[in-house]
Amino acid sequence: EVQLVESGGGLVQPGGSLRLSCAASGFTFSSYAMSWVRQAPGKGLEWVSGVDRGGGSTSYADSVKGRFTISRDNAKNTLYLQMNSLKPEDMAMYYCSQGGRGTWSQYIASWGQGTLVTVSS
């Protein structure tokens, strides 16, 4: 079955950086667009960023544009999110998802445990 294992979260100060990883298995990774989606405390799911199957086209929510970079290594079946200039409002559980900006919601049942990003001074 599909398995997605997120890692790399932790505690950082405002302005700091983190690099999240998502190890994928159980499906043909290179056949799927992939996304990062987050859920802040007390809030709903928010799509953050997506990348096409080959890694050549990326997209971002306005809230993270210019600060986050999504990438993928299809040879390693791994998705990444480089997070720079972190803000307290970035504090959330971050999930890796199959699908892009308009399709990620249909894959929620296959999500992993997520990785928690805490931004605090």
Side-chain angles (χ1 to χ4, degrees):
E1 77 276 32
V2 173
Q3 292 190 356
L4 299 169
V5 181
E6 300 94 340
S7 62
L11 173 64
V12 292
Q13 295 184 335
S17 297
L18 284 173
R19 189 193 194 208
L20 308 184
S21 297
C22 170
S25 62
F27 66 103
T28 303
F29 182 70
S30 61
S31 294
Y32 287 81
M34 300 292 293
S35 289
W36 288 97
V37 182
R38 68 187 181 186
Q39 187 167 33
K43 302 185 71 176
L45 294 169
E46 178 190 21
W47 176 85
V48 174
S49 183
V51 60
D52 70 355
R53 295 181 300 159
S57 182
T58 59
S59 56
Y60 301 90
D62 288 344
S63 57
V64 307
K65 181 76 174 180
R67 300 187 297 119
F68 291 9
T69 303
I70 190 171
S71 62
R72 66 192 297 162
D73 187 337
N74 285 345
K76 297 180 179 178
N77 289 346
T78 303
L79 179 73
Y80 303 98
L81 186 67
Q82 178 65 48
M83 311 167 68
N84 298 328
S85 303
L86 283 161
K87 303 176 179 180
E89 50 262 48
D90 296 318
M91 185 184 305
M93 188 72 72
Y94 283 73
Y95 298 96
C96 172
S97 178
Q98 295 166 290
R101 185 175 198 152
T103 61
W104 60 268
S105 60
Q106 69 183 294
Y107 299 103
I108 291 174
S110 297
W111 288 7
Q113 79 286 354
T115 187
L116 182 63
V117 172
T118 301
V119 185
S120 177
S121 60

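No experiment lies behind these values; they were computed from the predicted model shown.
Both L45 and W47 are part of a single hydrophobic cluster, where members link through side-chain heavy atoms under 4.5 Å apart. V5 and L116 fall into different hydrophobic clusters, where Ile, Leu, Val, Met, Phe, Trp and Tyr side chains are chained together by heavy-atom contacts under 4.5 Å. A chain of hydrophobic side-chain contacts below 4.5 Å, direct or via other Ile, Leu, Val, Met, Phe, Trp or Tyr residues, connects L4 to Y107. Hydrophobic cluster membership is shared by L81 and V12, with clusters built from Ile, Leu, Val, Met, Phe, Trp and Tyr side chains linked at under 4.5 angstrom.
Side-chain contact between T28 and S30: present, with at least one pair of heavy atoms (C-beta onward) separated by less than 4.5 Å. By the 4.5 Å heavy-atom criterion applied to side chains, V119 and M83 are not counted as neighbours. Side-chain contact between M34 and I70: absent, with no pair of heavy atoms (C-beta onward) separated by less than 4.5 Å. The side-chain heavy atoms of L79 and F29, taken from C-beta on, include a pair separated by under 4.5 Å. Side-chain contact between Y94 and E6 is absent, with no heavy atoms from C-beta onward closer than 4.5 Å. Side-chain contact check for Y60 versus R67: every heavy-atom pair is 4.5 Å or farther apart. When side chains are defined from C-beta on, S120 counts as touching L11, because their heavy atoms get closer than 4.5 Å. Within the 4.5 Å cutoff, the side chain of W104 has heavy atoms near those of the W111 side chain.
A donor-acceptor pair under 3.5 Å is formed between the side chain of S49 and the backbone N or O of S59. Between the side chain of N74 and the main chain of R53, a donor-acceptor pair closer than 3.5 Å is present. Looking at W36, its side chain does come within 3.5 Å of a backbone N or O of Y80 through a donor-acceptor pair. Of the possible donor and acceptor atoms, none in the side chain of S35 sits under 3.5 Å from a partner among the backbone N and O of S97.
When each of L18, L86, N84, T58 is checked for a side chain to side chain contact (heavy atoms under 4.5 Å, CB included) with F68, only L86 meets the rule.
The two residues A40 and M91 come nearest to each other via the heavy atoms CB-O, 3.5 Å. Minimum interatomic distance between S121 and P14 (heavy atoms only, all atoms of both residues): N-CD, 3.7 Å. Scanning all heavy atoms of the two residues, the minimum distance from G9 to T115 falls at N-OG1, 2.9 Å.
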Check step by step if side-chain contact (heavy atoms from CB on, under 4.5 Å) holds for V64 and E46.
CA-CA 11 Å; V64 307; E46 178 190 21; over 6 Å; no
Go through the steps to decide whether E89 and S63 satisfy the test side-chain contact (heavy atoms from CB on, under 4.5 Å), and finish with yes or no.
CA-CA 9 Å; E89 50 262 48; S63 57; over 6 Å; no
Y95/L20 under side-chain contact (heavy atoms from CB on, under 4.5 Å): CA gap, chis, key distance, verdict
CA-CA 10 Å; Y95 298 96; L20 308 184; over 6 Å; no
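Atoms CE and OG1, from M93 and T118 in turn, are 8.5 Å apart once rounded to the nearest 0.5 Å. Atom CZ of R72 sits about 13.5 Å away from atom OG of S21, to the nearest 0.5 Å.
Taking Y32 as the reference, F27 meet the ring-ring contact (aromatic ring centres under 6.0 Å, His included) condition, with sequence neighbours excluded.
Within the structure, every pair that satisfies the disulfide (SG to SG under 2.5 Å) test and touches residues 22-118, not counting sequence neighbours, is listed here: C22-C96.
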